[in-house]
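Heads up, the thing below is written out as structure tokens.
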There are 2 protein chains.
Amino acid sequence: MMKRHYPTLAEVAKVAGVSLMTASRAINNRPGVSPEKREDILRIADEMGYVANRAAQKLTGARTRIIGVVAELHTPFTSDLLLGMGAVARAADYEMLVYSLPVCDRRPPHSIIEMLRQIADGVIVILPYESDYLESMATAHIPVVTIEQGIESAFPSVTADNYQGGCSALRHLIELGHRRIAFISGNDRLTSARDRRRAYRDVLAQARLPYDPALEVDGDFLRKSGFEAAQKLLALDDRPTAIFAANDTSAYGAIAAIREAGLSVPGDISVVGFDDIPIASQLHPQLTTIRQPLQQMARASVNLLLALIAGLDAPSEQIVLPTQLIVRESTTPLKAKRKKEEAVKMGVASVGTANLAR
Amino acid sequence: MMKRHYPTLAEVAKVAGVSLMTASRAINNRPGVSPEKREDILRIADEMGYVANRAAQKLTGARTRIIGVVAELHTPFTSDLLLGMGAVARAADYEMLVYSLPVCDRRPPHSIIEMLRQIADGVIVILPYESDYLESMATAHIPVVTIEQGIESAFPSVTADNYQGGCSALRHLIELGHRRIAFISGNDRLTSARDRRRAYRDVLAQARLPYDPALEVDGDFLRKSGFEAAQKLLALDDRPTAIFAANDTSAYGAIAAIREAGLSVPGDISVVGFDDIPIASQLHPQLTTIRQPLQQMARASVNLLLALIAGLDAPSEQIVLPTQLIVRESTTPLKAKRKKEEAVKMGVASVGTANLAR
DNA sequence: CAGCCGAACGTTAGCGCTAACGTTCTGTCG
DNA sequence: CGACAGAACGTTAGCGCTAACGTTCGGCTG
């Protein structure tokens, strides 16, 4: 068994018969080396299995070609986002390391940012629901890009267009003929949740549909809250014919409650979610939802970070990417419903629509 | 804006009025410092917000108190495993960084292991289905622990007891009265898949039930394969009353096929999965399955790695942890089924079970 | 041909830290 | 009281690498 397995640059240089610095220049593709020697050195380094020591590189202030990511692994679509980011990073000859944020984090976040700073050239933060990382990052001398889950930040960030997505969801339901549409909100501390709520109200108004506070139930993005919210909605005298849930997880919670009440989705109630989590296309019913552009978000965030690392001191840029309505099984035109109920609903809708008529 | 944000050890030492080495000793809790001075130094370091530079520590050959994990993020229960490992590591004052293995990895794995070696004190590898990481790790001078998804390895490893789990699954079905039980296999290149298949055959034999090759359909752990396998099974003249799928994902694939054929689970066919992926308790029907002891696996693997790092050169240990049968909605006693069908099945079973008795 | 320039190298210092070895000082014992 | 042990420090070297600055030398200009 050898003493040290991977050769150092000095060893490569020695074998190649050049100085340390020449080898460094050759390997880092810097000028100042003749083409033949460069080729020689690269070949020898390859033969010897040379791998640059990133710890040493970082120590000198050079690039390590590693990006760090801080993320909560347990949120639904984080893994897809990470896979996308990893692919983009690798394409740019960068490696990616992920720090898994614990669910309840009570340790000083600055030490984590600092740890990543010692290793990586830049950091992407997928913001958790609650976070005091922002202030730590502000003082860290390292490029940071945030993936918004909805907290405003002073950093360059990438986010999905939650407002537009919410509008699409609601317009879809309205186009299907629904008039009495409920909303199950997310955690309003997040701008993403607020944007989706705003979209709900705005589109209702635009469509001249009445706004009924009883149809707007507070949730927190979790399955259980969707379940309970739907129960409240079902208990209404005049229950909705469609529900827009602020995310897929709570949408499925709502669906469970609807079914438990002996009703069907979309037969009795149409449901639209938000996110397009992977299982949304596999569960029964397949969920109509708003797809977050994860691949584009991954690409945009990595590219933005690499630009910052490269020194292009971009003014703190906010990239907003379009979402997409994915129509699946959980929504259906109102007309497909039972005649009697339809009649009732239409009557009710007309009540709200115009306070003059009837 | 300050030039450098986090102070170096030298700066802390200067403020404390001691030498660099004394500060180092104090902070690393080494002997050779008087109690008062130690306290002084620690207080000052804390006030100054000192964070040790792990890159520099690693360069000198010291511990960084970081463990690396190589994992495929897109497999179902990886995130739970990672969360568990992170918690255990943090409890031991270690941080954890995850390298997300791309789905199709064509870059030399040794450079990734080497990268982690430069940063971390040890590595846990959650083996992907196919992997040539093993040979690279063998030559890396760094403690490695593998979480088996079923490839034999020469490393200390932690794995769930797949054979025992498979036995429990099958015994459960037999206890429910099922006699005609099908198996949808996993990728047999993995020992986990082979162990589960072996359990299927062994328990059948133990129960003196006939082995019918037509009931053993090849799959690959994916949803689609479960779907197609179930279709084959349903096409049989004498279709099974229960299915044991090698994992939850393919079990849900099978359920989808069963439903598409107009049959119900568990009304017509009972289904058992393996893994207990998080959604198994949320999907409809909630899946009866074999739970992998993820928390225990996380704990065991991290503790094993820390022991190796601490220099306890444990002989390459294989830890096998017990699985647990979780009974939910997807299985039901055979008696609950339609009388007519039951009679038919029992007749068939008796033919196979004993060519003598009855 | 002196002078100079720039490409192609080599040398030096230092990133932040720790191991290994000095140095100082106090106490202790024959 | 000298020798010596050992605790409490300080100093030096070096981990692997790169920035910054030397050095060499061929070639070009006037």
Side-chain angles (χ1 to χ4, degrees), chain A residues 3-42 45 48-66 111 114-115 117-121 141-142 311, chain B residues 3-41 45 48-66 111 114-115 117-119 121 141-142 311:
Chain A
K3 187 109 187 282
R4 203 204 295 100
H5 223 86
Y6 288 93
T8 69
L9 189 58
E11 287 165 6
V12 173
K14 199 171 189 180
V15 172
V18 297
S19 80
L20 192 75
M21 234 10 244
T22 303
S24 170
R25 279 188 269 256
I27 283 170
N28 292 309
N29 208 27
R30 298 261 163 88
V33 192
S34 66
E36 314 86 59
K37 231 165 208 156
R38 180 184 302 272
E39 202 175 322
D40 241 38
I41 294 167
L42 288 176
M48 295 176 72
Y50 173 74
V51 176
N53 186 321
R54 310 203 192 216
Q57 287 179 317
K58 195 65 189 180
L59 209 51
T60 66
R63 302 275 134 80
T64 56
R65 303 196 78 82
I66 294 176
S111 72
E114 174 60 10
M115 176 181 79
R117 200 184 62 79
Q118 293 163 3
I119 293 170
D121 296 340
H141 284 239
I142 181 172
Chain B
K3 188 109 188 279
R4 203 206 293 100
H5 224 87
Y6 288 92
T8 68
L9 189 57
E11 287 164 5
V12 172
K14 200 170 189 180
V15 172
V18 297
S19 79
L20 191 75
M21 234 10 244
T22 304
S24 171
R25 279 188 270 255
I27 283 171
N28 292 309
N29 209 26
R30 298 260 163 89
V33 191
S34 67
E36 314 87 59
K37 230 165 208 157
R38 180 184 303 271
E39 203 175 320
D40 242 38
I41 294 167
M48 295 177 71
Y50 174 73
V51 176
N53 187 320
R54 309 203 193 216
Q57 288 179 318
K58 195 65 189 179
L59 208 52
T60 67
R63 302 275 134 80
T64 57
R65 303 196 78 81
I66 294 176
S111 72
E114 174 60 9
M115 176 181 78
R117 200 184 62 78
Q118 294 163 2
I119 293 170
D121 296 341
H141 284 240
I142 181 172

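Chain letters run A, B, ... following the sequence lines, proteins first and then strands; every chain starts at 1. Because the structure is predicted, anything quoted here is derived from the model rather than measured.
Between A:T8 and D:dC15 there is no side-chain polar atom (N or O) within less than 4.0 angstrom of OP1 or OP2. Taking only side-chain nitrogens and oxygens, A:K37 never comes nearer than 4.0 Å to OP1 or OP2 of C:dA8. Between C:dT18 and B:N28, a contact under 4.0 Å exists linking OP1 or OP2 to a side-chain N or O. A:S19 has a side-chain polar atom (N or O) that falls below the 4.0 Å cut-off from OP1 or OP2 of C:dG10. Considering only side-chain N and O atoms, A:Y50 lies under 4.0 angstrom from the phosphate OP1 or OP2 of D:dC17.
Listed for the A:Q57 side chain is no donor-acceptor partner under 3.5 Å among the backbone atoms of A:R65. The backbone N or O of B:R30 sits less than 3.5 Å from a side-chain atom of B:R38, completing a donor-acceptor pair. Counting only distance, with no hydrogens or angles, the side chain of A:N53 and the backbone of A:A55 share a donor-acceptor pair below 3.5 Å. A distance-only check finds a donor-acceptor pair linking the side chain of A:T64 to the backbone of A:I119 [under 3.5 Å]. In this structure a side-chain-to-backbone donor-acceptor pair under 3.5 Å is present from A:E11 to A:T8.
A:D121 is not listed as a side-chain neighbour of A:I66, based on a closest heavy-atom distance of 4.5 Å or more.
Whole-Å rounding puts the B:N53 CG to D:dC15 C1' distance at 13 Å. Atom pair A:M21:CE and C:dT11:P shows a separation of 13 Å (rounding to whole Å applied). Look at CG on A:L59: it is 12 Å from P on D:dG16, rounded to the nearest Å. Spacing between atom CD of A:Q57 and atom P of C:dG16 amounts to 16 Å, rounded to whole angstrom units. Distance, B:Q118 CD to C:dC17 P: 19 Å, rounded to whole Å. Put simply, CD1 on A:I27 is 13 Å from C1' on D:dT18, counting in whole angstrom units. The interatomic distance linking A:R65 (CZ) with D:dC17 (P) rounds to 16 Å, in whole Å. Straight-line distance from the CZ atom of A:R30 to the P atom of D:dA20: 10 Å, rounded to whole Å.
Axis angle across the helix from C:dC1-D:dG30 to C:dG30-D:dC1, with five pairs used at each end and values rounded to 10°: 60°.
Contacts of B:T22 with the nucleic acid, taken as non-hydrogen atoms under 4.0 Å apart, involve only primed sugar atoms and P, OP1 or OP2. Nucleic acid contact for A:K58: none, since no nucleic acid atom lies under 4.0 Å from a heavy atom of the residue.
Residue A:S34 holds its OG atom at 10.0 Å from CD of A:E39, rounded to the nearest 0.5 Å. Atom CD in A:E114 sits 9.5 Å away from atom CZ in B:R54 (nearest 0.5 Å).
B:R54 contributes no side-chain N or O that forms a donor-acceptor pair with the base of C:dG16 under 3.5 Å.
Considering only the side chain of B:R25, C:dC21 comes nearest among C:dC17, D:dG16, C:dC21.
Each of B:G32 and B:L20 was matched to the nucleotide of DNA chain D holding its nearest heavy atom; the match closer to the 5' end belongs to B:G32. Comparing B:G17 and B:G61 along DNA chain D, the residue whose closest nucleotide (by nearest heavy atom) sits nearer the 5' end is B:G17.
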